[in-house]
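Quick caveat, the model's predicted, so the values are computed rather than measured. For this chain, numbers begin at 1 and follow the sequence in order. Both backbone and side-chain heavy atoms feed into the values below; hydrogens, waters and symmetry mates do not.
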Amino acid sequence: MNYQAKQLPFKPDSLKGISDKTSLTHDKLYQAYVAKKDQIQAELKNVDLTTANQTYSQLRALKDAETFAVNGAYLHEIYFAGLGGDGAPKGDIIEQINQDFGSFEQFTALAKACAMAARGWAVLAWDTFEQCLHIYNGDAHNQGGVWGALPILTIDVYEHAYFMDYGSDRKAYLEALFQNIDWQAVDQRWSQIKR
Ligand code: FE
């Protein structure tokens with residue numbers, strides 16, 4: 001396996017309005033997705049291919065679990081990578097945001113609303129087909145993703161991301177989250193995608 005879990009790119013107690021307890025618990029969940037990804041992909045090497053069946057088979061169960069675990073790992077890695085900053089817009093990504101969403105303010109209003117409307121993730125992605133930025137929503141790690149859209153900034157709205165700090169007040173969590181976005185780090189991912 002080439003994919004290794006990464007360390008949190010910020011100190012767990014350094015975020016504004018998101019507690020170290022939330023960040024450490026969240027990191028444990030991410031590490032668990034990476035471990036399950038390894039386990040599932042190891043089991044896939046030994047699965048009985050002759051019993052493959054769309055209603056139930058070991059291969060079906062593992063392939064379904066694989067997308068949940070893999071996306072769980074990748075979406076969280078991008079989520080953490082986008083945090084630890086001061087929320088101030090920086091970099092070329094902001095020009096593209098202005099072009100595709102009208103203004104940074106219009107983008108943040110749309111992103112927060114999409115995050116209120118999702119049950120799992122709101123994802124700012126580069127749509128390689130339409131050649132523009134777009135926000136796609138997912139209700140689970142393996143639902144709602146668009147193949148051909150490359151995630152740049154992910155917003156986790158699973159309850160584990162905010163319930164300890166805000167109870168059911170997701171809006172307050174999102175306000176805090178946006179004050180911690182590291183737009184320089186987001187811009188780095190954007191320059192890799194542009195290349
Ligand atoms: Fe999460």
Side-chain angles (χ1 to χ4, degrees), residues 1-12 15 18-47 54 56-84 111-112 114-128 134-166 168 170 173-174 176-178 180-182 185-186 188-190 192-193:
M1 305 293 166
N2 295 321
Y3 181 71
Q4 304 280 331
K6 295 206 170 52
Q7 305 241 323
L8 279 181
F10 51 84
K11 288 207 181 96
L15 299 185
I18 296 172
S19 65
D20 56 341
K21 198 175 169 194
T22 289
S23 291
L24 290 168
T25 306
H26 214 161
D27 184 43
K28 265 191 206 161
L29 287 169
Y30 157 66
Q31 306 276 342
Y33 291 128
V34 176
K36 278 293 172 195
K37 172 186 182 298
D38 284 352
Q39 183 193 341
I40 292 161
Q41 290 177 337
E43 288 184 23
L44 275 166
K45 288 188 178 144
N46 301 311
V47 70
Q54 64 170 340
Y56 171 75
S57 59
Q58 194 193 5
L59 180 60
R60 187 190 154 76
L62 285 167
K63 292 306 284 181
D64 186 45
E66 184 183 31
T67 57
F68 193 85
V70 171
N71 285 331
Y74 296 174
L75 288 164
H76 278 102
E77 187 178 319
I78 299 167
Y79 172 75
F80 294 140
L83 295 177
K112 285 174 189 173
C114 287
M116 288 302 291
R119 296 177 190 156
W121 296 95
V123 175
L124 172 67
W126 177 249
D127 187 320
T128 61
H134 194 85
I135 298 172
Y136 287 110
N137 273 15
D139 285 341
H141 306 328
N142 58 353
Q143 189 279 331
V146 172
W147 293 357
L150 306 173
I152 299 169
L153 171 73
T154 63
I155 302 170
D156 191 342
V157 292
Y158 272 84
E159 287 168 351
H160 62 240
Y162 60 91
F163 237 73
M164 274 192 284
D165 297 330
Y166 294 101
S168 62
R170 189 193 289 185
Y173 154 69
L174 290 170
L177 189 77
F178 272 77
N180 289 288
I181 292 180
D182 183 347
V186 178
Q188 263 175 23
R189 186 173 297 281
W190 169 237
Q192 283 170 2
I193 284 173

Looking only at heavy atoms, which two atoms of [X] and [Y] are closest? And how far apart?
X      : Y      : answer
Ala115 : Ile155 : CB-CG2, 4.0 Å
Gly138 : Ala118 : O-CB, 4.1 Å
His76  : Tyr30  : CB-CD1, 3.7 Å
Gly82  : Val186 : CA-CG2, 4.2 Å
Phe10  : Gly84  : CB-CA, 4.0 Å
Tyr56  : Ala61  : CE1-CB, 4.2 Å

Look up atom [atom1] in [X] and atom [atom2] in [Y], then write down how far apart they are to the nearest 0.5 Å.
X      : Y      : atom1 : atom2 : value
Lys21  : Met164 : NZ    : CE    : 5.5 Å
Thr154 : Ile78  : OG1   : CD1   : 5.5 Å
Leu59  : Gln54  : CG    : CD    : 12.5 Å
Ile152 : Leu124 : CD1   : CG    : 5.0 Å
Lys28  : Leu24  : NZ    : CG    : 7.5 Å

Only counting residues at least two apart or in another chain, list the ones meeting side chain to side chain donor-acceptor pair (under 3.5 Å) with [X].
X      : result
His134 : none
Thr22  : Ser19, Asp165
Asp27  : Gln31
Arg170 : Tyr162

Practice item. Would you sort out whether Val123 and Ile135 count as a side-chain contact (heavy atoms from CB on, under 4.5 Å), showing the intermediate values? Key: CA-CA 5 Å; Val123 175; Ile135 298 172; 6.0 Å; no

Practice item. Could you walk me through whether Glu159 and Tyr173 pass side-chain contact (heavy atoms from CB on, under 4.5 Å), step by step? Key: CA-CA 10 Å; Glu159 287 168 351; Tyr173 154 69; over 6 Å; no

**Study point:** Gln39 vs Glu43, side-chain hydrogen bond (donor to acceptor under 3.5 Å, both in side chains): CA-CA, chis, key distance, verdict
**Key:** CA-CA 6 Å; Gln39 183 193 341; Glu43 288 184 23; 3.1 Å; yes

Answer yes or no: is there a side-chain heavy-atom contact under 4.5 Å between [X] and [Y]?
X      : Y      : result
Leu174 : Met116 : yes
Val70  : Ile40  : no
Leu177 : Tyr79  : yes
Leu153 : Ile181 : yes

Practice item. Would you confirm whether Asp64, through its side chain, and Arg60, through its main-chain N or O, come within 3.5 Å as a donor-acceptor pair? Key: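 No: the side chain of Asp64 does not pair with the backbone of Arg60.
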
Exercise for review: Mind running side-chain contact (heavy atoms from CB on, under 4.5 Å) on Phe80 and Asp156 for me, showing each step along the way?
Suggested key: CA-CA 10 Å; Phe80 294 140; Asp156 191 342; over 6 Å; no

Point to revise | salt bridge (Lys or Arg N to Asp or Glu O under 4.0 Å) partners of Lys112, counting only residues at least two apart | key: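 If we apply the salt bridge (Lys or Arg N to Asp or Glu O under 4.0 Å) test to Lys112, skipping adjacent residues, the hits are Glu175.
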
Exercise for review: Let me know which of Asp182, Leu8, Leu15 forms a side-chain contact (heavy atoms from CB on, under 4.5 Å) with Leu83.
Suggested key: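 With Leu83 as partner, Asp182, Leu8, Leu15 yield a single side-chain contact (heavy atoms from CB on, under 4.5 Å), made by Leu15.
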
Point to revise | Where at least one partner belongs to residues 115-128, residue pairs that pass side chain to side chain donor-acceptor pair (under 3.5 Å), sequence neighbours excluded | key: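 Residue pairs with at least one partner in residues 115-128: Trp121-His141, Asp127-Tyr136.
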
Exercise for review: Tell me, with the steps shown, if Lys37 and Gln41 meet side-chain hydrogen bond (donor to acceptor under 3.5 Å, both in side chains).
Suggested key: CA-CA 6 Å; Lys37 172 186 182 298; Gln41 290 177 337; 3.1 Å; yes

**Study point:** Intermediate values then yes/no, side-chain contact (heavy atoms from CB on, under 4.5 Å), His26 and Ser23
**Key:** CA-CA 5 Å; His26 214 161; Ser23 291; 5.5 Å; no

Exercise for review: Kindly say whether the aromatic ring centers of Tyr33 and Tyr74 come within a distance under 6.0 Å.
Suggested key: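 For Tyr33 and Tyr74, the ring centres are not under 6.0 Å apart.
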
